[in-house]
**Student:** 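Right, I'll just put the structure down here and ask away after.
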Amino acid sequence: MLWDSYGPLLRYLESKEPLFKRLYPGLQFPVFAVGYNWMRSNEYAGKRLKDKLEEFRTQLLKEDKEGDNLGLTKDDIKFVVISHSMGGYASRAGFILSGLESQVEAVIHGAMPTHGSPSTYFQFRCGAVGHGAVGQVVKMVLGKNAADTTAILGFCQGGLELMPNKLYVDAANKGEWLFVNKDPAKQTDKRELLQIGYGSGIYDFYRRFDAWYSLVQPPLLAPELGTSTDEQLIEHKKAFTKRITDCEKFHDQLAANFHATTTLLYSNNPDTKAFDTCEWQLQNSLTPGLETAAVERWQVIGDENHDWLSVKGEVKLLSRSELAEHERKLKSWMEQNRYGHQHAHMPPRAQSASFRLGSETAKGDGTVHEGAGKYPKGVQTIGLVATQDHQGFYNCPDVRELMVGVLQSWLPDIHQKFKG
């Protein structure tokens with residue numbers, strides 16, 4: 001667990017214990033923390049959470065026996081879970097898949113990407129999200145380009161489970177999230193929906209490798225191979241496909257299920273925008289061939305997969321016929337200059353169309369957009385303009401005050417249940 005992110009929150013919660021004990025005599029409020037390995041599945045993290053809560057219960061019973069000797073039993077010890085971000089997935093997996101719900105009285109999920117985030121797609125294609133000088137430093141550490149992130153995230157079950165699932169909706173409560181904009185002025189009303197099988201068909205898109213806008217570019221899964229052939233990549237593709245199938249199974253199990261007493265806290269700050277959709281935007285102009293060819297048949301002739309600075313995931317595209325013509329000219333040039341003539345001409349260059357992924361546009365916390373917390377049904381949802389970004393969500397004073405208010409709304413019933 002990263003202390004800089006969560007240490008201040010734990011200390012803050014501990015500082016509230018005297019107040020809670022005075023208001024609700026007979027109850028104790030020890031604070032515990034459970035981390036998780038985001039490279040492993042959320043199902044595993046949920047099982048681990050269950051095991052850790054059992055450890056805490058055993059510890060508390062031992063401390064009571066050796067201390068005040070109040071005669072506590074296992075049934076006297078219940079938990080309130082406060083999660084952050086992907087921790088919401090982990091805890092929900094514990095409730096739904098590991099039978100943890102009966103041990104937990106209530107839950108607060110903060111900044112949770114409830115049904116996934118298009119930010120994960122952006123990272124596969126562009127590297128880590130980051131803007132300005134500070135953002136470039138972040139990208140250098142977390143992944144400066146598609147090659148960096150795919151070589152890690154492509155093997156990370158927990159990270160893959162953060163892709164938009166079949167229940168995903170954007171900030172406007174719509175399920176479609178991937179677009180292409182062929183307008184040089186990038187007007188939003190000119191963008192076109194990419195047909196990637198939203199809903200239950202989305203996983204077929206994640207398992208697809210042949211489109212220029214596919215989630216994963218197979219050679220990036222195997223950097224150790226250098227220049228790889230399709231045959232060398234077969235096993236890597238099979239393994240990735242299985243991981244996506246496991247994601248689909250997990251999402252089916254998690255569905256829209258929550259603990260019976262749940263509150264979602266989320267940020268709707270217009271100054272810390274987040275991805276609720278991803279849009280491939282034209283940077284120059286379409287080639288004649290692309291004007292008439294179907295978008296899904298466009299071909300890649302260049303990319304930024306291994307670039308170092310200011311990577312935007314740019315791809316250079318041609319139609320199939322234009323690519324074939326370019327390859328013919330290139331082959332002819334190589335034949336003419338195979339002996340290194342002194343006056344050799346420069347190799348032919350294709351006039352391609354360039355597309356990049358646009359920036360975040362939805363209110364949020366810089367990572368999770370407001371729709372992730374706004375639209376789930378059957379739970380209490382509370383939005384606010386958090387003054388901290390995603391990672392520091394609980395370090396925002398307003399978030400902390402709201403969190404304590406939610407806790408205090410539950411405590412009278414909990415106090416009555418345990419009869420003081």
Side-chain angles (χ1 to χ4, degrees), residues 1-24 27-38 45 48-49 52-53 55-56 59-60 79-92 94 104-114 117 119 128-132 134-135 137-138 141-142 158 162 262-269 271-274 363-370 372-373 380-411:
M1 188 184 71
L2 183 62
W3 182 257
D4 286 347
S5 293
Y6 302 109
L9 170 65
L10 297 175
R11 286 176 173 159
Y12 176 78
L13 288 169
E14 287 179 334
S15 75
K16 293 298 178 182
E17 185 175 14
L19 170 64
F20 291 160
K21 289 172 71 173
R22 185 170 68 251
L23 293 174
Y24 308 103
L27 295 186
Q28 303 291 320
F29 299 89
V31 177
F32 300 95
V34 180
Y36 58 89
N37 181 354
W38 65 278
R48 182 172 182 274
L49 176 61
K52 294 299 291 185
L53 294 193
E55 286 181 23
F56 299 151
Q59 175 187 331
L60 291 171
F79 297 91
V80 172
V81 171
I82 300 173
S83 76
H84 174 250
S85 189
M86 182 175 159
Y89 271 49
S91 54
R92 287 169 64 201
V104 175
E105 285 295 312
V107 181
I108 296 175
H109 295 307
M112 179 174 63
T114 306
S117 171
S119 174
V129 180
H131 302 288
V134 174
V137 173
V138 171
V141 173
L142 299 181
L162 294 178
T262 293
T263 294
L264 306 186
L265 304 182
Y266 65 93
S267 178
N268 51 21
N269 193 332
D271 295 326
T272 49
K273 287 186 167 54
K363 296 177 183 178
D365 60 23
T367 299
V368 175
H369 67 83
E370 63 173 337
Q380 181 183 37
T381 65
I382 307 175
L384 76 163
V385 179
T387 56
Q388 297 283 327
D389 65 6
H390 180 76
Q391 191 60 34
F393 182 73
Y394 281 115
N395 292 332
C396 169
D398 292 339
V399 171
R400 290 184 178 181
E401 184 176 337
L402 189 57
M403 173 189 65
V404 169
V406 172
L407 287 172
Q408 288 186 300
S409 73
W410 293 330
L411 286 176

**Student:** Please list, chain by chain and in numerical order, all residues satisfying side chain to side chain contact (heavy atoms under 4.5 Å, CB included) with A45, sequence neighbours excluded.
**Tutor:** Y36, A90

**Student:** Output every pair passing side-chain hydrogen bond (donor to acceptor under 3.5 Å, both in side chains) with a member in residues 383-393, not counting sequence neighbours, ordered by first then second residue.
**Tutor:** S5-Q391, S85-H390, D365-H390

**Student:** Work out which heavy atom in H109 is nearest to a heavy atom in S91; give both atom names and the distance.
**Tutor:** CE1-OG, 3.1 Å

**Student:** Mark yes when over 12 heavy atoms from residues, nucleotides or ligands other than K273 sit less than 6.0 Å from its NZ; otherwise mark no.
**Tutor:** yes

**Student:** Stepwise, does the side-chain contact (heavy atoms from CB on, under 4.5 Å) test hold for V81 with V34?
**Tutor:** CA-CA 10 Å; V81 171; V34 180; over 6 Å; no

**Student:** Check whether any side-chain heavy atom of L265 sits under 4.5 Å from a side-chain heavy atom of F393, and report yes or no.
**Tutor:** yes

**Student:** Step through the shown structure and confirm whether more than 12 heavy atoms of other residues, nucleotides or ligands are within 6.0 Å of CD on E401.
**Tutor:** no

**Student:** Tell me every residue that passes side chain to side chain contact (heavy atoms under 4.5 Å, CB included) with L19, counting only those two or more places apart in sequence or in another chain.
**Tutor:** R22, L23, Q408

**Student:** Do D271 and V385 touch side chain to side chain, with heavy atoms closer than 4.5 Å?
**Tutor:** no

**Student:** Atom OG1 in T381, atom CG in L264: separation rounded to 0.5 Å?
**Tutor:** 6.5 Å

**Student:** Which atom names give the shortest non-hydrogen contact between A386 and C396, and what distance separates them?
**Tutor:** CA-SG, 4.0 Å

**Student:** Taking the side chain as C-beta and beyond, is there a heavy-atom pair between M86 and S117 under 4.5 Å?
**Tutor:** no

**Student:** Could you tell me whether the side chain of E105 reaches within less than 4.5 Å of the side chain of W410, counting heavy atoms only?
**Tutor:** no

**Student:** Between T367 and V129, is any pair of side-chain heavy atoms under 4.5 Å apart?
**Tutor:** no

**Student:** Please enumerate all residues that pass salt bridge (Lys or Arg N to Asp or Glu O under 4.0 Å) together with K52, with sequence neighbours excluded.
**Tutor:** E55

**Student:** At what distance, to the nearest 0.5 angstrom, does OG of S267 lie from CG of L384?
**Tutor:** 6.0 Å

**Student:** Going by heavy atoms in the side chains, are T114 and Y266 under 4.5 Å from each other?
**Tutor:** no

**Student:** With sequence neighbours left out, write down each residue that passes ring-ring contact (aromatic ring centres under 6.0 Å, His included) with F29, or none if nothing qualifies.
**Tutor:** F20

**Student:** Looking at every non-hydrogen atom in both residues, tell me the closest pair between D4 and P8 and how far apart they are.
**Tutor:** O-CD, 3.8 Å

**Student:** Go through the structure and list residues passing side chain to side chain donor-acceptor pair (under 3.5 Å) with E14, not counting sequence neighbours.
**Tutor:** none

**Student:** Only counting residues at least two apart or in another chain, list the ones meeting side chain to side chain donor-acceptor pair (under 3.5 Å) with Q59.
**Tutor:** E63

**Student:** Using side chain to side chain donor-acceptor pair (under 3.5 Å) as the criterion, list what pairs up with T272, not counting sequence neighbours.
**Tutor:** none

**Student:** For S119, enumerate each residue passing the side chain to side chain donor-acceptor pair (under 3.5 Å) test, keeping only those at least two apart in sequence or located in another chain.
**Tutor:** Q123

**Student:** Could you work out, with ring-ring contact (aromatic ring centres under 6.0 Å, His included) as the rule, every residue matching F56, not counting sequence neighbours?
**Tutor:** F32

**Student:** Of the non-hydrogen atoms in G383 and N268, which two are nearest, and what is the gap between them?
**Tutor:** C-ND2, 4.0 Å

**Student:** Could you report the tightest heavy-atom contact between L9 and N395, atom names first, then the distance?
**Tutor:** N-OD1, 4.3 Å

**Student:** Strictly distance-based, threshold 3.5 Å: is any side-chain N or O of Y394 a donor or acceptor partner for the main-chain N or O of G110?
**Tutor:** yes

**Student:** Taking all atoms of both residues into account, what is the closest heavy-atom pair of A274 and H369, and its distance?
**Tutor:** CB-N, 3.6 Å

**Student:** Run the ring-ring contact (aromatic ring centres under 6.0 Å, His included) test against Y24 and tell me which residues pass, sequence neighbours left out.
**Tutor:** H415

**Student:** So do L13 and M403 actually touch side chain to side chain, heavy atoms under 4.5 Å?
**Tutor:** yes

